[in-house]
Student: 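Sharing a structure below in structure tokens format, with a few things to ask.
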Number of protein chains: 4
Amino acid sequence: MARTIGSYGPKTMEAIRKAGLRLIFEHGYSAMSLRQLAAAVGIQAGSLYNHISTKQELLFDLVQDHINELLRQLDLALLGKQRPAEKLSAFVAFHVTYHMTKKREVFIANSELRSLEPKNYDAIVKLRGAYERRLAEILAEGVSEGVFEVVDIQVATFAILALLTGICTWYRPGGRLTREAIIAAHEKLVLSSVTPGGTASPARTNPARTTPVRKRSRPARSVAPGQQRD
Amino acid sequence: MARTIGSYGPKTMEAIRKAGLRLIFEHGYSAMSLRQLAAAVGIQAGSLYNHISTKQELLFDLVQDHINELLRQLDLALLGKQRPAEKLSAFVAFHVTYHMTKKREVFIANSELRSLEPKNYDAIVKLRGAYERRLAEILAEGVSEGVFEVVDIQVATFAILALLTGICTWYRPGGRLTREAIIAAHEKLVLSSVTPGGTASPARTNPARTTPVRKRSRPARSVAPGQQRD
Amino acid sequence: MARTIGSYGPKTMEAIRKAGLRLIFEHGYSAMSLRQLAAAVGIQAGSLYNHISTKQELLFDLVQDHINELLRQLDLALLGKQRPAEKLSAFVAFHVTYHMTKKREVFIANSELRSLEPKNYDAIVKLRGAYERRLAEILAEGVSEGVFEVVDIQVATFAILALLTGICTWYRPGGRLTREAIIAAHEKLVLSSVTPGGTASPARTNPARTTPVRKRSRPARSVAPGQQRD
Amino acid sequence: MARTIGSYGPKTMEAIRKAGLRLIFEHGYSAMSLRQLAAAVGIQAGSLYNHISTKQELLFDLVQDHINELLRQLDLALLGKQRPAEKLSAFVAFHVTYHMTKKREVFIANSELRSLEPKNYDAIVKLRGAYERRLAEILAEGVSEGVFEVVDIQVATFAILALLTGICTWYRPGGRLTREAIIAAHEKLVLSSVTPGGTASPARTNPARTTPVRKRSRPARSVAPGQQRD
DNA sequence: AATGAATGAGATTTCATTCAT
DNA sequence: AATGAATGAAATCTCATTCAT
């Protein structure tokens, strides 16, 4: 049979990316077959190869494009913000908004890192590091100015990112809350979480750790998002 | 010919579960092949079927046993705690500790729900709901006593769980921080996050939502942890 | 790598059907492996799935197409025949001829019904019933006109069909007898078998059968050709 | 778990044979797994090997014992019969009765010959030949005495056997007809079928067959019951 | 740029059979 | 005589990928 409507010409690549995002989001990268993907696009499996080079490259492109866009927009969102609290607010608002808009991209970029081949994995983790560093720097600045208090900056960075990223596992447009309410809820949680006060004392580092850090027993690229890099 | 070398006897099942946990954690359920699993155990692929009935059942058992244990231990940890703040502290300490001890089980139970067949998925989601409810009730109690302040209890529940569960993606024993420090860091973040004060106003619900809630377009069982159920 | 040698193009499906017929005839459906079949066709086992959807579907299609063709040709053969004896002669001649020509299809359609899944089984048995009814009606007509005599029409129908169908277990082209001789031999047997005369009395029905008919203890779809339906 | 009731001691072998008969009758030899068989008996698959040597031997024993018994009883049934018609009546009555009583054994012995390994196949076909010869001799005797008329003795032998053997595909105790009625119905059909009269002329043999008989293209042991041996 | 048919590897699962206990 | 756990082969079927058309 000839090709079906909706799959013709230069729009096919875009249809592949879109269907790929959805299918990987729903089933995971290795559970998604290229036949499934092709069917969703309305073409035969072999025809995919007119547009992608391999399944792996499709994943890599989706993830890479997402992270680049994320970084680009984050920098726009932080533009002109001065004080740490202001920056943190902007970070939260941006992150939440972005995750509500692009929950599939975000989810995949977090959960399918382990499906990337080593070279691709390294490239993505490097990009992701840049994003995390933005938050870590905001926290560090706030702590050094005395407006934030955390037990450990690294832990707080990971924890806040996890908190914010959690959205894409449950958010659905048209749910009970408005976007603004969801953003507000997260701003409250995050800003309060680093507010000074309470009984917390600074973290003690591990005295047991006198031997050199062991090589990890599992492949460096196994799980997302924050590999223990401290 | 009968068996020559390799694992034997009643320990095999335990070895399968252990290797299964590790491999699913590292590669994901559908990326783990039973050949791999058998090799890790030291038997032939077909021999797995003396111990499991299907690959799917293995996943289900691992997840179910984990959640049952999690619930059981949580209730022990909360025993005798009275005030909401006390309960929340205990919840955080328990959750973090458990996640550091059993990070693989926890990670799988969160990330592989979508790999469960509908019947199994439903059973697990039900169990998980019981766990989430424990936290939601603590928050609700604190809010009604005026000791906690959140914009929205549901959102706060999901956010705190996401924050806490994030640990199992980066924690590794023997890292820079002691367990106690990690627990303390999370207690600070979580307890502060719900501390009254700040400018937050109560969540406005979505005025746009006048039509009945649509059926979701993707399978009900796709992603973890908190399906939009509000 | 793509294909190198072997069958190609639109002829493959026909080759699969032909080889499938032969292999099922020789070894039986469940004893025929798809590897064998693929080897007979000259392709890889997996390549079969470009042409068939499952092994079961292949069997079903072979059987269904055969029975449809059988019915179609039978009706042609009976066209214009008036008297019962004439009809019975035509039936025998047609049946024997067809079974000599398509002995594999015939044999499979009779012996592999039990290998059909329930839904497929039901469909085929229904078609087969139509064929059997043609014969039963000829006999009934002859009996009511007094030109045939049988003890029981149902039993005679089954018996004559069994007699005629037996051919496909021993016929081989180029054997000792001409086709015409084989047909003549069967016409003599069948026509004589229902000729009036002899000592036979009408069948007594079973007096022991006072209780309702029990459900059969084995699956309704086990053996061919005539399930006890009286 | 220990062994279940009904499977203990010297009765196990009998249970295996009985369950084996049923399962092969219902599903066919190669579709019956030894695990199924063991389950039907109430033991583990491995335990079968305390009683049988291989799956193939089980089939062979079932078939061989059946045919031996068949021959033995046939000779008893023919004892003292003098005239051909008397003999043929006795043959039919015996055959039908036996097939109603032992329809599973009969069916298997006819349909699973192709599942026998060459050596076993040869042994069984030899035995079966003895049985067929009994009928062929009765017919030949009747023909030479002028009380029977057939176009071809070989064809008539096969056809009558097929007719009679068909019973085991539809007979079920407690059906509409009494055993006696079924026997009577078959006696009428068979005796009439060889009654002299009618227009049939003796079979012409195949003039085309001038070349030596080709070797059969398929394995000598493929199908039942009457290989073309003329 | 799409199809349809192919490949070779590999997926999960079942099989007959073995044997220490 | 039974069990339970093992083997190695093979079952059906799916996969990513290739390529002549």
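Remember, it's a predicted structure, so these values are computed and weren't measured experimentally. In what follows, chains carry the letters A, B, and so on, assigned in the order in which the sequence lines appear, proteins first and then strands, with residues in each chain numbered from 1.
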Student: Report yes if some heavy atom in the side chain of N120(C) is under 4.5 Å from a heavy atom in the side chain of E57(C); otherwise report no.
Tutor: yes
Student: Hey, could you give me the CG/NZ distance between L34(D) and K55(D), rounded to the nearest 0.5 Å?
Tutor: 6.0 Å
Student: Side chain of T12(D), heavy atoms from C-beta onward: which of dA2(F), dT12(E), dA6(E) has the nearest atom to it?
Tutor: dA2(F)
Student: Let's see if you can work this out: which of dT18(E), dT12(F), dT7(E) has an atom nearest to the side-chain heavy atoms of S33(C)?
Tutor: dT12(F)
Student: Go through dT3(E), dA5(E), dA2(E) for me and flag the one nearest to the H51(A) side chain.
Tutor: dA2(E)
Student: More 5' along DNA chain E: Y29(B) or L48(C), using each one's nearest nucleotide?
Tutor: L48(C)
Student: Which of the following nucleotides, dT18(E), dA16(F), dG4(E), is nearest to the side chain of Q44(A)?
Tutor: dG4(E)
Student: Rounding to an integer number of Å, can you tell me how far L58(B) CG sits from dT12(E) C1'?
Tutor: 13 Å
Student: Measuring from M32(A):CE to I24(A):CD1, what's the distance to the nearest 0.5 Å?
Tutor: 4.0 Å
Student: Please figure out whether S30(C) or N50(B) has its closest DNA chain F nucleotide nearer the 5' end.
Tutor: N50(B)
Student: Taking the side chain of T54(B) as its heavy atoms from C-beta onward, which of dT13(E), dT3(F), dT18(E) lies nearest to it?
Tutor: dT13(E)
Student: Could you please name the partner base of dA9(F), counting Watson-Crick and G-U wobble pairs only when both distances are under 3.5 Å?
Tutor: dT14(E)
Student: Counting heavy atoms from C-beta on, name the nucleotide in dA1(E), dT3(F), dT7(E) closest to the side chain of I43(D).
Tutor: dT3(F)
Student: Indicate whether OP1 or OP2 belonging to dT13(E) is found under 4.0 Å from a side-chain N or O atom of Y49(B).
Tutor: yes
Student: Can you check whether I43(A)'s main-chain N or O pairs, donor with acceptor, with S47(A)'s side chain at less than 3.5 Å?
Tutor: no
Student: Without decimals, in angstroms, what is the distance between E57(A) CD and dT17(F) C1'?
Tutor: 14 Å
Student: When you measure from the side chain of R35(C), which nucleotide among dA5(F), dA10(F), dT12(E) comes out closest?
Tutor: dA10(F)
Student: Does S47(D) reach a base, just sugar-phosphate, or nothing at all? Heavy atoms under 4.0 Å.
Tutor: base
Student: So what's dA6(E) paired with, Watson-Crick or G-U wobble, going by both distances under 3.5 Å?
Tutor: dT17(F)
Student: Can you measure K11(B) atom NZ to dG4(F) atom P for me and round it to whole angstrom units?
Tutor: 19 Å
Student: Specify the separation, in whole Å, of atom CD1 of I52(D) and atom C1' of dC15(E).
Tutor: 13 Å
Student: R17(D) and side chain to side chain donor-acceptor pair (under 3.5 Å): which partner among T12(D), D65(D), D61(D)?
Tutor: D65(D)
Student: Hey, could you give me the CZ/OG distance between F60(B) and S53(B), rounded to the nearest 0.5 Å?
Tutor: 11.0 Å
Student: What is the distance, to the nearest angstrom, from the CD1 atom on I16(A) to the C1' atom on dA2(E)?
Tutor: 11 Å
Student: Grab the CE-P distance between M32(B) and dC15(F) for me, whole Å please.
Tutor: 17 Å
Student: Which nucleotide sits closest to the side chain of K55(B): dT13(E), dA16(F), dC13(F)?
Tutor: dT13(E)
Student: Can you tell which of dC13(F), dA5(F), dT17(F) lies closest to the side chain of A45(C)?
Tutor: dC13(F)
Student: Could you check G46(D) against S53(B) and say which one's nearest nucleotide on DNA chain E is further toward the 5' end?
Tutor: S53(B)
